[in-house]
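Written out below as C-alpha cells is the structure these notes cover.
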Amino acid sequence: MCGNSLLDFVTSANTIDPSETGLCALDLNEMTWRKMADGPDIFGGGEWRWHYLAISPNSTMAYLLGCPTHEEDLGLGEGEEYLSDVLPIDLSRLGTHNRQKHGENPGDGMLGWDMAKVFDRHDTDTGADFVIRAMKDEAAEGDEWDMAGVWGSNVNANSPMPAEEDDGLPPEQVMGPPIKVHKLILLSRWPHFGTMYNAHMREFHRGSLYLPDTYTVVRAFMYYLYTDSIATSPYCPNLSTVAGLLVMANLYDMKRLRTLALNRLFVELDIESAAVVWEKAGVAGEEGLRKKAARFALTFWGRIVRTMGFRRLSRRSVLDLCEETDVEGRVLGGDELGVVGAIDGGDVFGHGFRGGVGFGGNGGMAVRRKRARAGDGDEDVLDGDEDEEMG
C-alpha cells in the first residue's frame, strides 16, 4: 500500500519472463487498475531475482531485496534465499503519492475559492500589485522559440520593434496579456519569488516578472499558487498544460506541484497530449514518465502524428521521438496489427511490450512468439514471419 493505491510488483522468476514483469497500481477510490511501469525499466531485467519487498510507511520509497541471478546457486538449503542487494524505487517518480489527494478545484467556502476571486481580475480593482508576463502560446510553437529564451529568425523578422537590449524581454507583440497578481501570495507560496524579491533585483523595482514559458502554462502556475489546484478548469485546460507545470515544478523545486502533475500525467495520459507530455518529461528529467509517454506514442503512432500536440513539436523533438523505437523497428498498419491481435491498444495477452507494438521491432516479434506457442497449427507460419522480419 502507498497512500490510496494497492501496488502489484511482478518481478522475474523461473516461470515469469522479464517481458511479463511490471508495476501496477489499484486506485482504491476509483477501483481502477493502471500500469505504472514495465519491469525491465525499474527492476533491472532478468539478471536479478527479487525475493522481498518493503515500503516505507512515511514516504513513497519502496525497497526490493534480492540478488543477481548468478549468485542464486550458492549451495543454500531448500527454501533459503540469498540476499545481497537492495533496489530503492521512488514511487513519486511514477505518479504515486501518500499524503494529499489530487489537487481538485476549490469549492464554495474553501480558502482557494476565495483566493481565486482575486486572481488576475481586469474588470475590478483587487489590490493586485505585481504583473507576470509570458509568451503567447502561438509564438512559442515549433522551432521559433525554446525554453532558454533563444529567439528564432521568424519571430524577429516579424518584429517591428525589437526588444530592448537592457531588459532582455521578447518583443511586445508576441507577449501574452499581463497577469495581475499579489506579491503577498507569491512571497508566501513561491520560494524563488521570495529570494528574487528580497534581493531587490530588477523585477523588484520594475514591478513585473517575465517567465520564459507560454501564457497558458504560466497562468496555470499562478492559479496553482492561489488555489493549490491543477485540476481541469479554464485556467488549466488540458494535460499539455499540466506537462508544462511539471517543467516549472522541477525548475523551481516545488515538490507538491511536481507530485500533483506526475499523478495526473501518469493516470490521464491520452492521444492528444502524449507527444507534448513526452517532450516535457524529457525537459523535466522525469525518465519514468518519458518512457511511458514514448511507449504510448509508438503504440498509437498513427493517431499521435495527426494531433496538434505532435505538429507543434520542434524538428529536433520529432526526430528524437522517432528514435525512441529500436533500430529494427518498423511501422505496422492496422491490418498487420490485426493479424497479431494488437489493434486499439497494443496490449496483447495483458502485457505491454517495450519496443512498442505500433512500431513493430522486438515487441512485434515477442507477440509472434507468444502466438506461436498458443496456436495449434500456425506455428510454422508464424516462425517463418519472424525469420523474415529478422532477416
Side-chain angles (χ1 to χ4, degrees), residues 95 97 100 102-106 111-113 115-122 126 128-141 145-149 169-170 174-197 201 203 207-265 268 273 276-277 279-286 289 309:
H97 55 96
Q100 297 140 311
H102 172 69
E104 299 176 348
N105 284 318
L111 178 60
W113 175 271
M115 299 291 284
K117 293 179 180 178
V118 298
F119 171 67
D120 195 26
R121 295 290 299 272
H122 294 261
T126 62
D129 51 6
F130 203 80
V131 172
I132 302 294
R133 300 302 303 272
M135 190 77 55
K136 287 181 180 178
D137 292 357
E138 57 271 20
E141 295 176 1
W145 177 79
D146 60 27
M147 290 298 294
L169 293 178
V174 297
M175 297 278 276
I179 304 173
K180 295 185 176 182
V181 294
H182 302 78
K183 288 184 289 189
L184 177 62
I185 294 177
L186 269 57
L187 286 168
S188 61
R189 293 274 290 159
W190 189 13
H192 172 79
F193 182 84
T195 301
M196 177 207 68
Y197 195 81
M201 298 177 68
E203 290 78 8
S208 66
L209 171 65
Y210 166 70
L211 296 179
D213 213 317
T214 61
Y215 174 78
T216 298
V217 171
V218 171
R219 194 165 186 245
F221 178 63
M222 293 296 122
Y223 183 75
Y224 162 77
L225 297 179
Y226 274 69
T227 64
D228 199 49
S229 170
I230 62 169
T232 302
S233 70
Y235 300 97
C236 188
N238 50 48
L239 285 186
S240 296
T241 304
V242 178
L245 291 176
L246 177 63
V247 174
M248 300 196 75
N250 282 270
L251 178 63
Y252 299 118
D253 193 25
M254 302 185 69
K255 296 180 180 179
R256 161 74 173 163
L257 176 58
R258 172 180 173 270
T259 298
L260 292 177
L262 282 174
N263 182 263
R264 277 204 64 184
L265 294 172
E268 302 177 27
S273 65
V276 176
V277 171
E279 182 182 45
K280 299 300 184 182
V283 174
E286 299 291 348
L289 178 61

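Here the CZ-CG distance, from F119 to L225, works out to 8.5 Å after rounding to the nearest 0.5 Å. Interatomic distance, CG of N250 versus NZ of K280, reported as 12.5 Å (0.5 Å rounding). Interatomic distance, OH of Y215 versus CE of M175, reported as 12.0 Å (0.5 Å rounding). Put simply, CG on D213 and CZ on R219 are 15.0 Å apart, with the number rounded to the nearest 0.5 Å. Considering CZ of F130 and CD of E203, their distance stands at 7.0 Å, rounded to 0.5 Å. Note: L246 CG to E286 CD = 5.0 Å, rounded to the nearest 0.5 Å.
Using modelled atom types, no side-chain atom of H192 and backbone atom of L251 make a donor-acceptor pair closer than 3.5 Å. In this structure a side-chain-to-backbone donor-acceptor pair under 3.5 Å is missing from R133 to I179. Using a distance-only test at 3.5 Å, with no hydrogens or angles considered, no donor-acceptor pair links the side chain of R258 to the main chain of A249. In this structure a side-chain-to-backbone donor-acceptor pair under 3.5 Å is present from R189 to Y224. Distance alone, capped at 3.5 Å, places no donor-acceptor pair between the R264 side chain and the V242 backbone. Panel note: side chain D129, backbone K183; a donor-acceptor pair is recorded below 3.5 Å.
Using a 4.5 Å cut-off on side-chain heavy atoms (C-beta onward), L211 and M248 make contact. You'll find the side chain of V247 stays beyond 4.5 Å of the side chain of V217, heavy atoms only. You'll find the side chain of D120 stays beyond 4.5 Å of the side chain of M222, heavy atoms only. Under the 4.5 Å side-chain criterion, counting only non-hydrogen atoms from C-beta, P237 is in contact with T216. Contact of the H122 side chain with the K180 side chain is registered, since non-hydrogen atoms from C-beta on lie closer than 4.5 Å. Within the 4.5 Å cutoff, the side chain of W190 has heavy atoms near those of the M254 side chain. A 4.5 Å side-chain heavy-atom check between L245 and C236 finds at least one atom pair inside the cut-off.
Residue P178 comes nearest to V131 through the heavy atom pair CB-CG1, 3.6 Å, listed as atom of the first residue, atom of the second, then distance. Summarising the geometry of L186 relative to I132, their closest heavy-atom pair is CD2-CD1, 4.1 Å, with the distance given to 0.1 Å. Heavy atoms only, all atoms of each residue included: A220 and T241 are closest at CB-CG2, 3.6 Å. Minimum heavy-atom separation, M115 to I185: CE-CD1, 3.0 Å. Taking every heavy atom of both residues into account, I230 and A261 meet most closely at CD1-N, 3.5 Å. Considering every non-hydrogen atom in both K117 and R121, the closest pair reads O-NH1, 2.9 Å.
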Subject >> Y235/Y226 under ring pair (Phe, Tyr, Trp, His ring centres under 6.0 Å): CA gap, chis, key distance, verdict >> reply: CA-CA 12 Å; Y235 300 97; Y226 274 69; 9.6 Å; no

